[in-house]
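We name chains A, B, ... by the order of the sequence lines, and we start the count at 1 in each one.
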Protein chains: 2
Amino acid sequence: MSDLLERLRGRGWRLTSQRRVVAEVLDGDHVHLTADEVHARAAARLPEISRATVYNTLGELVALGEVLEVATDGRARRYDPNAHRAHQHLVCSGCGAIRDVHPHGDPLAALPAAERLGFTVTAAEVTYRGLCPDCRP
Amino acid sequence: MSDLLERLRGRGWRLTSQRRVVAEVLDGDHVHLTADEVHARAAARLPEISRATVYNTLGELVALGEVLEVATDGRARRYDPNAHRAHQHLVCSGCGAIRDVHPHGDPLAALPAAERLGFTVTAAEVTYRGLCPDCRP
DNA sequence: TGTTGACTTGGACAAAGTCCAAGTTAGGAT
DNA sequence: ATCCTAACTTGGACTTTGTCCAAGTCAACA
């Protein structure tokens with residue numbers, strides 16, 4: 001994630017302690033935190049960080065293409081730092097756990113031209129749903 | 001949609017004017033209204049209907065499997081009455097328009113067992129994104 | 001080590017959804 | 001027909017999630 005910070009500095013970002021902490025919190029695999037969760041974890045390291053700054057920073061990271069916004073449930077948006085490797089999400093209907101998965105083939109290919117209704121289609125997001133081993137009856 | 005009301009009555013639903021109006025508002029193809037939109041349209045016919053009742057009724061319809069909840073953006077949930085024919089969604093990144101589409105093949109088939117991480121996977125929701133003819137530059 | 005524009009802050013506000021006590025009513029029982 | 005009652009609806013308070021802004025702070029360049 002430190003290479004991320006360098007990349008952003010190269011793009012003219014001012015490297016503040018707040019942004020550094022937010023980037024650090026988002027490091028790792030299978031990370032899909034809500035903005036409030038990011039704020040809580042960031043505040044553990046930098047107590048005076050404000051919610052507004054977390055929202056601002058997440059929005060900027062998304063706009064720069066460094067973080068993905070995922071809407072797996074109609075509730076809070078979640079932020080996924082794994083923006084540079086194509087993947088989809090597998091969500092447990094019991095506990096809400098979210099894992100990154102890699103289906104084979106390009107999901108876009110399944111949509112025939114006749115079904116595209118004149119749209120220029122550029123992306124496909126897939127959410128697989130089921131029960132994780134811990135939630136299975 | 002009147003057959004829906006009959007089906008629900010058979011399941012022990014009390015058929016109130018509020019529920020009737022909500023079901024009527026949700027009739028049609030490519031309908032993906034938010035709860036507030038449903039409330040506004042229902043209130044046009046039945047002015048005293050409350051937001052709480054709309055939320056209750058939508059929740060019940062979803063629990064009964066008669067309506068789908070879709071989360072295509074991180075904002076309000078949308079309600080899709082087309083629950084009995086498998087389909088996916090195509091969303092315009094410009095204006096937010098949502099259309100029902102029918103990719104070929106079963107999206108579930110693209111996820112190999114090794115990628116299922118021990119989950120029992122039962123569904124796949126696909127959101128295609130792009131620009132509709134009106135929003136294309 | 002000063003300066004300055006970019007960044008951060010806290011709080012007010014807005015949007016989306018939940019919950020509850022009190023009032024109303026659909027539909028079976030009489 | 002009309003009564004009864006559990007089921008349903010209501011309005012409002014409350015929570016969660018997200019946005020906006022004026023005032024204060026600070027990173028990075030000179």
Side-chain angles (χ1 to χ4, degrees), chain A residues 2 5-25 32-43 45-64 66-80 96, chain B residues 2 5-25 32-43 45-64 66-80 96:
Chain A
S2 50
L5 292 172
E6 277 317 306
R7 235 180 305 149
L8 294 175
R9 232 163 73 83
R11 295 216 222 175
W13 244 38
R14 258 173 60 176
L15 196 31
T16 66
S17 52
Q18 291 85 349
R19 286 171 169 178
R20 202 186 321 264
V21 168
V22 169
E24 283 167 9
V25 163
H32 309 92
L33 299 169
T34 64
D36 258 9
E37 288 165 351
V38 170
H39 178 244
R41 298 192 187 194
R45 289 157 156 269
L46 190 67
E48 63 289 14
I49 192 171
S50 73
R51 287 185 344 111
T53 293
V54 170
Y55 275 102
N56 287 342
T57 304
L58 290 173
E60 288 155 2
L61 288 168
V62 170
L64 291 168
E66 299 289 349
V67 164
L68 298 175
E69 214 170 52
V70 299
T72 50
D73 67 350
R75 312 306 240 61
R77 299 171 195 170
R78 294 183 173 271
Y79 294 89
D80 179 343
Chain B
S2 51
L5 292 172
E6 278 317 307
R7 233 180 308 149
L8 294 174
R9 232 163 74 81
R11 294 216 222 176
W13 242 38
R14 257 172 62 175
L15 195 32
T16 66
S17 52
Q18 291 85 350
R19 286 172 170 178
R20 203 187 319 266
V21 168
V22 169
E24 283 168 8
V25 163
H32 309 93
L33 299 169
T34 64
D36 259 9
E37 288 164 352
V38 171
H39 178 245
R41 298 192 187 193
R45 289 158 156 269
L46 189 66
E48 62 289 13
I49 191 170
S50 72
R51 287 186 345 110
T53 294
V54 171
Y55 276 102
N56 288 343
T57 304
L58 290 173
E60 288 154 4
L61 288 169
V62 170
L64 291 169
E66 299 289 349
V67 164
L68 298 175
E69 214 171 52
V70 299
T72 52
D73 55 4
R75 310 311 237 56
R77 299 171 196 171
R78 293 183 172 272
Y79 294 89
D80 180 343

(message) So does Thr72(A) get a backbone contact from the side chain of Arg78(A), meaning a donor-acceptor N/O pair under 3.5 Å?
(response) no

(request) Could you walk me through whether Leu5(B) and Arg19(B) pass side chain to side chain contact (heavy atoms under 4.5 Å, CB included), step by step? (result) CA-CA 9 Å; Leu5(B) 292 172; Arg19(B) 286 172 170 178; 5.6 Å; no

(message) I need the CZ-C1' distance between Arg19(B) and dT9(D), as an integer number of Å.
(response) 10 Å

(message) Is any side-chain heavy atom of Leu8(A) closer than 4.5 Å to one of Leu15(A)?
(response) no

(request) Indicate yes or no: does Glu66(A) engage Arg11(A) in a salt bridge with an N to O separation below 4.0 Å. (result) yes

(message) Using side-chain heavy atoms (C-beta onward) and a distance below 4.5 Å, is Tyr79(B) in contact with Thr57(B)?
(response) no

(request) Answer yes or no: is there a donor N or O on one side and an acceptor on the other, between the side chain of His39(A) and the main chain of Ile49(A), under 3.5 Å? (result) yes

(request) Could you tell me the separation between the CG atom of Asp36(A) and the P atom of dG18(D), rounded to a whole number of Å? (result) 8 Å

Scan nucleotides 23-27 of chain D against the protein and return all N/O pairs shorter than 3.5 Å with their distances rounded to 0.1 Å.
| residue | atom | partner | partner atom | Å |
| --- | --- | --- | --- | --- |
| dC26(D) | O2 | Arg14(A) | NH2 | 3.0 |
| dA27(D) | O4' | Arg14(A) | NE | 3.4 |
| dA27(D) | O4' | Arg14(A) | NH2 | 3.4 |

(request) Taking heavy atoms of chain A and a 4.0 Å limit, find me the 5'-most and 3'-most nucleotide of DNA chain C within that range. (result) dG5(C) to dG10(C)

(request) Could you tell me which non-hydrogen atom of Val21(A) sits nearest to which non-hydrogen atom of Arg45(A), and how far apart they are? (result) CG1-CD, 4.1 Å

(request) Grab the two heavy atoms, one from Ala71(B) and one from Asp73(A), that are nearest each other, plus how far apart they are. (result) CB-C, 4.1 Å

(request) Would you kindly compare Trp13(B) and Asn56(A) by the position of their nearest DNA chain C nucleotide and give the one closer to the 5′ end? (result) Asn56(A)

(message) Looking at every non-hydrogen atom in both residues, tell me the closest pair between Glu37(B) and His32(B) and how far apart they are.
(response) OE1-O, 4.2 Å

(request) Grab the two heavy atoms, one from Val54(A) and one from Val22(A), that are nearest each other, plus how far apart they are. (result) CG2-CG2, 4.3 Å

(request) Give, ordered by number, those residues of residues 46-55 of chain A having at least one heavy-atom distance below 4.0 Å to an atom of DNA chain D; if nothing qualifies, reply none. (result) Arg51(A), Ala52(A), Tyr55(A)

